[in-house]
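Taking it in order: structure first as structure tokens, then the write-up.
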2 protein chains.
Amino acid sequence: MKMNTKVRYGLRTAIELASKKPGEDIYQKDISMNQEISYKYLDQIIAGLRSAGLVTTVSGKKSGYILAREPGNISVYDIFTAFNPGLAVVECLSDEVICKREGKCAAKYFWEELNDVVEKHLKSVTIKDLLMKQVEINKQLAE
Amino acid sequence: MKMNTKVRYGLRTAIELASKKPGEDIYQKDISMNQEISYKYLDQIIAGLRSAGLVTTVSGKKSGYILAREPGNISVYDIFTAFNPGLAVVECLSDEVICKREGKCAAKYFWEELNDVVEKHLKSVTIKDLLMKQVEINKQLAE
DNA sequence: TTTTTATCCTACCATTTTTGTAGGATTGTT
DNA sequence: AACAATCCTACAAAAATGGTAGGATAAAAA
């Protein structure tokens, strides 16, 4: 019942990118340093965000990354699904899986409810929310 | 972000035990058959429930298992913690772990909230609730 | 046009976790 | 003493996790 590092790092990466002001350059190198994530591993994190359409990039020298949508329009659920095929707190909730006990299992109903609760919460918080929280934290630290 | 089989099987085992009427015998063999869980693996499932104080047993011939508390007084969270050291949707929420980013990480606040949401839901549902659901399902199937 | 510096791509792999199996020891009833 | 149940611990295959490695490609700058 744990989030993997890709989702965790992906979330932190998204928050950092959201903090980028227009015209300001943030390179993979910077994110790697600030977030203390291995430069090479970050390759895969960003690739995940990119193929989910959350980040757009420009190649070449003097390029960098940028969020593809407004931070307020990217939920944590978006980040999650960038690194997971879908949310399923137990196997039998996945589309591909068919459980023999389907339809006669009270436990499944519980897991469905839990899945909904988690999904709803992941969808209810955006990168904008978390950036605001981060700004607040930074302010406190500066005092 | 998945529940492991021990928790899942443990939950189903608890529901089955809750369905036991006073004086009625349910053996490991029965649970194994009804729940389609390997008899030997069930050893470990029951051991977990036992060491968490959720199930009491009597050894020897003609013995069997029984819930240690009223089904209404056992939550899914109790089952969960029988098989996990504690609920922590990310590493840095565990007591032992100290993260260098502690106190300056907005992401952590999100994970704390999610952790609370999940914990609250696990605590809000009891074995009694799920047994009632199961009885309802069985009724529907009988029609 | 060559160099530099950034992103992009994909293969591999060590470690850990998961999901069991196996074999027998122990206990209490018959 | 035999039997039928629970109890205990070691082992192991398979899958998932958390990376590392090495270079290919793209565009700006020299």
Side-chain angles (χ1 to χ4, degrees), chain A residues 1-13 17 20 24-33 35-68 80 83-85 88-92 94 96-97, chain B residues 1-10 12-13 17 20 24-33 35-68 80 83-85 88-92 94 97:
Chain A
M1 199 57 185
K2 279 200 178 357
M3 289 288 171
N4 60 31
T5 55
K6 293 204 174 173
V7 174
R8 295 196 286 118
Y9 294 175
L11 182 58
R12 277 157 51 188
T13 297
L17 286 176
K20 179 182 179 310
E24 193 178 358
D25 287 333
I26 300 188
Y27 301 123
Q28 185 170 332
K29 188 177 55 179
D30 301 323
I31 303 171
S32 169
M33 285 186 58
Q35 297 296 330
E36 299 165 88
I37 301 169
S38 136
Y39 181 85
K40 278 299 195 176
Y41 195 34
L42 196 52
D43 259 25
Q44 292 171 49
I45 308 298
I46 293 170
L49 294 174
R50 233 170 50 87
S51 63
L54 300 175
V55 159
T56 51
T57 61
V58 187
S59 278
K61 196 175 176 180
K62 200 80 178 162
S63 43
Y65 301 108
I66 192 171
L67 286 183
F80 179 86
F83 299 103
N84 295 96
V89 298
V90 297
E91 279 303 333
C92 63
S94 300
E96 317 85 47
V97 179
Chain B
M1 198 58 184
K2 277 200 179 358
M3 290 288 170
N4 60 33
T5 55
K6 293 205 173 171
V7 174
R8 294 197 285 120
Y9 294 175
R12 276 157 51 188
T13 297
L17 287 175
K20 179 183 179 308
E24 194 177 357
D25 286 334
I26 300 188
Y27 300 123
Q28 185 170 332
K29 187 177 55 179
D30 302 323
I31 302 170
S32 168
M33 284 186 58
Q35 297 296 329
E36 300 165 89
I37 301 168
S38 136
Y39 182 85
K40 279 299 197 176
Y41 195 33
L42 196 52
D43 260 24
Q44 293 171 48
I45 308 299
I46 293 170
L49 294 174
R50 233 170 51 85
S51 61
L54 300 175
V55 158
T56 50
T57 60
V58 187
S59 275
K61 196 175 174 181
K62 200 78 179 164
S63 42
Y65 301 108
I66 191 171
L67 285 184
F80 179 86
F83 300 103
N84 295 283
V89 298
V90 297
E91 279 304 334
C92 62
S94 300
V97 179

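Computed from heavy atoms alone, side chains included, the values below leave out hydrogens, waters and symmetry copies. Quick note on labels: first sequence line is chain A, next is B, and so on, each numbered from 1.
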* Structure fact -> For G10(A) and L49(A) the tightest heavy-atom approach is O-CD1, 4.0 Å
* Asked: Taking CG from N84(B) and C1' from dT17(C), how many angstroms apart are they, rounded to a whole number?
  -> 12 Å
* Structure fact -> Separation of dT18(C) atom C1' from K2(A) atom NZ, nearest Å, is 14 Å
* Structure fact -> Value for CG (L17(A)) from CD1 (I66(A)), rounded to nearest 0.5 Å, stands at 8.5 Å
* Asked: When rounded to the nearest 0.5 angstrom, what is the spacing between OH in Y65(A) and CD1 in I46(A)?
  -> 4.0 Å
* Asked: Can you tell me how far CD of E24(B) sits from CG of D30(B), rounded to the nearest 0.5 angstrom?
  -> 9.0 Å
* Rounded to the nearest angstrom, tell me the gap between atom CZ in F83(A) and atom P in dT17(D). => 13 Å
With the criterion being N/O to N/O and under 3.5 Å, what pairs connect the protein with nucleotides 27-30 of chain C, and how long is each?
{"residue": "dT27(C)", "atom": "O2", "partner": "G60(B)", "partner atom": "N", "Å": "3.3"}

* **Stems where DNA chain D pairs, listed by first number, each of three or more Watson-Crick or G-U pairs under 3.5 Å** => C:1-30 with D:1-30
* Select base, sugar-phosphate, or nothing to describe what Y9(B) touches, counting heavy atoms under 4.0 Å on all strands. => sugar-phosphate
* To do: Keeping to residues at least two apart or across chains, list the side chain to side chain donor-acceptor pair (under 3.5 Å) pairs with something in residues 42-56 of chain A.
  => K6(A)-Q44(A), Q28(A)-D43(A)
* Asked: To the nearest angstrom, how far is Y41(A) atom OH from dT17(D) atom P?
  -> 9 Å
* Asked: Which pairs count as salt bridge (Lys or Arg N to Asp or Glu O under 4.0 Å) when at least one residue sits in residues 56-67 of chain B, sequence neighbours excluded?
  -> D25(B)-K62(B)
* OP1 or OP2 of dG18(D) under 4.0 Å from side-chain N/O of T5(A) -> yes
* To do: Using atom CD1 of I45(A) as one end and atom C1' of dT20(D) as the other, report the distance to the nearest whole Å.
  => 13 Å
* Between S94(B) and A88(B), what is the shortest heavy-atom contact and its length? -> OG-CB, 3.6 Å
* **Worked verdict on R12(B) versus I37(B) for side-chain contact (heavy atoms from CB on, under 4.5 Å)** => CA-CA 10 Å; R12(B) 276 157 51 188; I37(B) 301 168; 4.0 Å; yes
* Give, for atom CZ of F80(B) and atom CG of N4(B), the distance between the pair rounded to the nearest 0.5 Å. => 7.5 Å
* **Partners passing side-chain hydrogen bond (donor to acceptor under 3.5 Å, both in side chains) against T5(A) (at least two apart in sequence or in another chain)** => Y41(A)
* Asked: Looking only at side-chain N and O atoms, does S38(B) come under 4.0 Å of OP1 or OP2 in dT21(C)?
  -> yes
Table of protein N/O atoms under 3.5 Å from nucleotides 9-12 of chain C N/O atoms:
{"residue": "dC9(C)", "atom": "OP2", "partner": "R50(A)", "partner atom": "NH2", "Å": "2.7"}
{"residue": "dC9(C)", "atom": "N4", "partner": "D43(A)", "partner atom": "OD2", "Å": "2.5"}

* Structure fact -> note: E91(A), atom CD; dT18(C), atom P; distance rounded to Å ~ 13 Å
* Whole angstrom is fine here: how far is it from CD in E36(B) over to C1' in dG20(C)? => 17 Å
* Structure fact -> Assert: residue with more 5' nearest nucleotide on DNA chain C, out of M1(A) and Q28(A), is Q28(A)
* What is the minimum heavy-atom distance between G64(A) and Y27(A), and which atoms define it? -> CA-CD2, 4.1 Å
* Structure fact -> Whole-Å distance, L42(B) CG to dA5(D) C1', equals 13 Å
* Asked: Is K6(A) touching bases, backbone alone, or none of the nucleic acid, heavy atoms closer than 4.0 Å?
  -> nothing
* To do: Give the nucleotide from the list dT6(D), dT7(C), dG20(C) with an atom nearest to the side chain of Y27(B).
  => dT6(D)
* Asked: Mind checking whether V7(B) and V90(A) have side chains closer than 4.5 Å, heavy atoms only?
  -> no
* Tell me whether the OP1 or OP2 atom of dT7(C) has a side-chain N or O from Y39(A) closer than 4.0 Å. => yes
